[in-house]
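Starting from 1, each residue takes its place in the sequence as its number.
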Amino acid sequence: MPAYVCVIEMRLHLPHVSSLKEKRRVVKSLAAQLRQRFGAAVAETEEQDSWRQAVLVAALVGGSDTAARADELERFVDARTPDGCYFERALRTLEDIHG
């Protein structure tokens, strides 16, 4: 069975957030939920000083079910960010990565 790596960039629109402190609370909570529920590695990579935007990157590793887990992760995030989010995904096998 091939091993897969999936990297998902999530651009979140957070117009209801009124301070950096509140944004950090929202982002930290979402990242913790993604770690716990999906076993994802998660990092905020851009827009750290913006109140209304957040960019998170999540990585999933696994077998043939990795794409389905990524779909579920995106649905989970979309349901928790009603003001909008955008996803960009790359799914590769370890063979692809090694060249």
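- Note that OG of Ser18 and NZ of Lys23 are 13.0 Å apart. Values are rounded to the nearest 0.5 Å.
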For the pair Leu14 and Glu22, evaluate side chain to side chain contact (heavy atoms under 4.5 Å, CB included) and give the outcome as yes or no after the intermediate values. CA-CA 10 Å; Leu14 307 168; Glu22 183 180 359; over 6 Å; no
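- For the pair Ile8 and Phe87, the tightest heavy-atom approach, listed with the atom from each and the gap, is CG2-CD2, 4.1 Å.
- For the pair Asp78 (side chain) and Arg75 (backbone), a donor-acceptor distance under 3.5 Å is absent.
- Take Glu74 and apply the salt bridge (charged side-chain N to carboxylate O under 4.0 Å, His left out) test, not counting sequence neighbours, and it matches Arg89.
- Salt bridge present: Glu46 and Arg11 bring a charged side-chain N and a carboxylate O closer than 4.0 Å.
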Side chains of residues 26-33: which donor-acceptor pairs under 3.5 Å do they make with residues two or more places apart or in other chains?
| unit_1 | atom_1 | unit_2 | atom_2 | d |
| --- | --- | --- | --- | --- |
| Ser29 | OG | Gln33 | NE2 | 3.1 |
| Gln33 | NE2 | Ser29 | O | 3.4 |

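- Closest approach of Val42 and Arg35 over heavy atoms only: O-NH2, 2.9 Å.
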Show the numbers, then the answer: is there a side chain to side chain contact (heavy atoms under 4.5 Å, CB included) between His13 and Thr81? CA-CA 7 Å; His13 183 59; Thr81 53; over 6 Å; no
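- Under a 3.5 Å cut-off, the side chain of Arg52 and the backbone N or O of Pro15 do form a donor-acceptor pair.
- When all heavy atoms of Glu72 and Phe38 are compared, the pair lying nearest together is CG-CE2, 3.6 Å.
- Residues Val61 and Thr66 approach most closely at C-OG1, 4.2 Å, considering heavy atoms.
- When the side chains of ILVMFWY residues are joined at heavy-atom separations under 4.5 Å, either directly or via intervening members, Ile97 and Val7 end up in a single hydrophobic cluster.
- Here the CZ-CG distance, from Arg80 to Leu34, works out to 9.0 Å after rounding to the nearest 0.5 Å.
- The backbone N or O of Lys21 lies less than 3.5 Å from no partner atom in the side chain of Arg25, so there is not a single donor-acceptor pair.
- Residues Leu73 and Tyr4 do not share a hydrophobic cluster, defined by chaining ILVMFWY side chains whose heavy atoms lie under 4.5 Å apart.
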